[in-house]
Amino acid sequence: IVAGIITQEFQTPLSHINVLSQNRGTPNMGLKGAFDNPELRALDGKWVRLVVGAFDYEITEITAEEAEEWWQGHQPEPLELGDMNLSIQTLVDDVDMMDFDDLSQDVSGNGLVNLDEAINGRIPAFGGKATHFGAMSLIGDADGDHIDDDGDDVVPMPRGYVVPVYFYNEFMEYNGLWDHYENVLLQDPDFVADPVYRQTKLEEMEDMIRAAPLQPGFEQLVTDKINNTPEFVGRRMRFRSSTTAEDLGEFTGAGLYLSLSGDPNDPDRTIPDAIRGVYASVWGPRAYEERGYYGIDHRKVGMALLSHRSFPEEEANGVAITGNIFDQSGLEPALFINVQAGGESVVLPDPGVFTDQFIYYFQQVGSPITFVGHSNLIPNGESVLTIEQTYQLGRALDEIHRYFLPVYGQIDPFFYAMDTEFKFDDNGTGDGNWQLYMKQARKFPSWEAGNE
């Protein structure tokens with residue numbers, strides 16, 4: 001964990017490294033030629049104060065004592081997690097995730113009236129990602145089918161289900177992995193004190209998880225779910241991380257955990273391997289250190305799995321913020337969208353690969369668009385999405401923004417927006433009829449990231 005980042009390879013505002021920096025309140029500065037900059041090279045290995053402005057920066061050498069004094073006043077408050085909810089011991093469909101007796105079921109056309117309580121009540125059992133996915137499934141009407149009065153699908157989503165954290169905890173207990181963490185790793189003073197040594201031991205822990213057997217009956221339970229759901233039969237399935245330590249309002253956990261695909265027809269990409277791989281990512285060094293920065297108790301971190309069909313050959317994929325991150329006044333509400341052709345990553349692109357980035361003034365007359373950048377994977381002069389596809393996406397984002405406003409709009413009065421993920425897929429038809437699928441929604445971190 002570092003207090004500031006300088007890169008000469010620019011990222012989009014919605015890249016994982018930028019979202020994490022935004023979350024921490026630490027500067028992430030792009031500077032052309034940074035790697036060979038003589039001023040920066042002269043300070044290599046030294047304590048510095050870095051102050052970043054919109055168009056300039058200042059960097060000066062300081063003492064270790066000055067750095068320590070600054071740090072003592074800027075450590076984040078410890079983030080307390082509740083205990084895992086292990087009472088839900090079956091697989092749960094997305095539209096059923098909010099349907100439990102301990103929650104009021106006062107549902108209107110805008111979703112659960114007590115949506116904030118529903119989300120907070122479900123995260124200990126389903127994790128942050130799956131809980132918000134389940135909440136999205138209720139947008140449109142009380143039946144969870146997203147169909148509005150005009151018969152349109154307001155927020156299209158893939159059919160999904162969740163494997164609750166109960167199964168992760170049972171897996172850890174069945175294989176003695178909790179005991180290994182508590183009675184071997186935590187009792188090793190080098191593991192506690194030395195981050196380099198700790199990384200090695202955490203990677204060994206990941207290997208142990210990937211090699212451990214699933215508990216009796218677990219694989220069959222998932223296999224039966226796939227075989228008994230028409231949308232899943234014969235398809236590669238995606239198993240997405242959904243821990244109790246991500247998508248928690250001001251703590252996103254962007255990019256800390258893995259999501260993997262399992263194919264019942266491919267012996268080299270089995271479903272058990274995908275499940276174990278996602279479970280192992282809880283103990284990845286990057287995730288462990290990020291949680292430690294926030295004082296999170298690792299023993300309380302549970303991993304649920306959000307599962308839906310995979311999109312191996314999508315036509316476009318992207319991320320979008322339901323607010324205008326370039327407007328600090330709030331006078332020009334808009335959507336900020338990053339989208340790329342095919343399956344090339346938007347948040348972790350290969351070097352030299354650029355995306356379509358644009359500000360979409362969806363609520364203004366004519367819904368004008370201002371492009372910030374263009375994809376270099378398509379011909380010059382073209383855009384990844386058509387006007388019709390952009391409008392369909394804009395409508396879904398606007399609905400998501402208004403739906404979660406009562407939950408997250410009051411947390412940060414300066415700026416509220418939801419961070420979303422989407423895909424367009426023709427479902428293998430090749431007919432050019434792309435279907436939108438909204439895959440994720442979480443609160444975008446506070447607007448006012450630190451600059452020092």
Side-chain angles (χ1 to χ4, degrees), residues 89-97 126-127 129-130 133-134 137 156-168 170-171 174-175 206-242 257-282 284 303-317 340-346 348 421-440:
Q89 303 177 8
T90 186
L91 308 186
V92 180
D93 288 334
D94 53 3
V95 295
D96 296 329
M97 287 172 55
F126 300 135
K129 186 178 297 177
F133 190 90
S137 72
M157 296 170 59
R159 171 79 180 273
Y161 69 97
V162 62
V163 180
V165 301
Y166 164 80
F167 293 95
Y168 167 77
E170 187 182 46
F171 169 84
Y174 179 73
N175 291 288
E206 290 184 281
D207 290 339
M208 292 173 62
I209 293 174
R210 284 189 286 262
L214 298 182
Q215 60 269 36
F218 182 27
E219 179 180 355
Q220 190 61 50
L221 187 69
V222 176
T223 300
D224 290 345
K225 180 65 176 179
I226 294 171
N227 291 337
N228 293 328
T229 306
E231 293 92 336
F232 303 158
V233 175
R235 287 188 163 182
R236 182 189 303 175
M237 296 297 295
R238 191 71 169 168
F239 293 89
R240 305 178 63 195
S241 63
S242 181
Y257 310 103
L258 290 180
S259 295
L260 298 171
S261 296
D263 191 336
N265 304 309
D266 187 347
D268 295 326
R269 302 186 68 175
T270 69
I271 286 174
D273 284 346
I275 292 173
R276 286 187 289 252
V278 179
Y279 283 173
S281 69
V282 173
M303 173 69 83
L305 303 171
L306 171 61
S307 183
H308 52 67
R309 75 173 183 86
S310 178
F311 294 85
E313 297 179 351
E314 68 261 40
E315 274 53 54
N317 79 103
Q340 182 61 282
E344 181 74 27
S345 176
V346 172
L348 292 171
E421 181 181 341
F422 63 90
K423 290 187 183 294
F424 280 90
D425 190 63
D426 69 3
N427 297 306
T429 63
D431 60 4
N433 183 22
W434 296 6
Q435 170 66 49
L436 169 66
Y437 294 95
M438 299 303 306
K439 295 180 55 186
Q440 183 172 328

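What you see is a predicted model, and the numbers here were worked out from it, not measured in a lab. For the numbers below, each heavy atom of this structure counts, side chains included, while hydrogens, waters and symmetry mates do not.
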Can you tell if the side chain of [X] reaches within under 4.5 Å of the side chain of [Y], non-hydrogen atoms only?
X    : Y    : result
R235 : S310 : no
N433 : D426 : no
R240 : H308 : yes
N317 : V346 : yes
F311 : P158 : yes
E219 : I271 : no
L214 : F171 : yes
K129 : S259 : yes

Would you name the heavy atoms of [X] and [Y] that are closest together and state the gap between them?
X    : Y    : value
S307 : F239 : OG-CE2, 3.6 Å
V278 : L258 : CG1-O, 3.4 Å
Q215 : E170 : NE2-OE1, 2.9 Å
E206 : S281 : OE2-CA, 4.2 Å
P156 : Q435 : CB-NE2, 3.4 Å

Got a second to check how far [X]'s [atom1] is from [Y]'s [atom2], nearest 0.5 Å?
X    : Y    : atom1 : atom2 : value
F133 : L306 : CZ    : CG    : 5.5 Å
Q340 : E314 : CD    : CD    : 10.5 Å
R210 : R276 : CZ    : CZ    : 11.0 Å
D94  : M97  : CG    : CE    : 8.0 Å
F422 : Q440 : CZ    : CD    : 12.5 Å
I275 : T270 : CD1   : OG1   : 8.5 Å

**Request:** Mind running side-chain contact (heavy atoms from CB on, under 4.5 Å) on V165 and F126 for me, showing each step along the way?
**Result:** CA-CA 6 Å; V165 301; F126 300 135; over 6 Å; no
**Request:** Please determine which of F167, Y257, Y174, Y168 meets the ring pair (Phe, Tyr, Trp, His ring centres under 6.0 Å) test together with Y279.
**Result:** Y168
**Fill in**
Those residues at least two apart in sequence (or on a different chain) that pass side chain to side chain donor-acceptor pair (under 3.5 Å) with S242 are none
**Asked** Run the side-chain contact (heavy atoms from CB on, under 4.5 Å) check on L221 and L91 step by step: do they pass?
**Response** CA-CA 8 Å; L221 187 69; L91 308 186; 3.9 Å; yes
**Asked** So is R309 actually on top of Y437's ring, under 6.0 Å and inside 45° of the axis?
**Response** yes
**Prompt:** Cut-off 3.5 Å, side chains only: do S261 and R236 have a donor facing an acceptor?
**Reply:** no
**Contact list for residues 223-234, test side chain to side chain donor-acceptor pair (under 3.5 Å), sequence neighbours left out** = D93-K225, R159-E231, Q220-D224
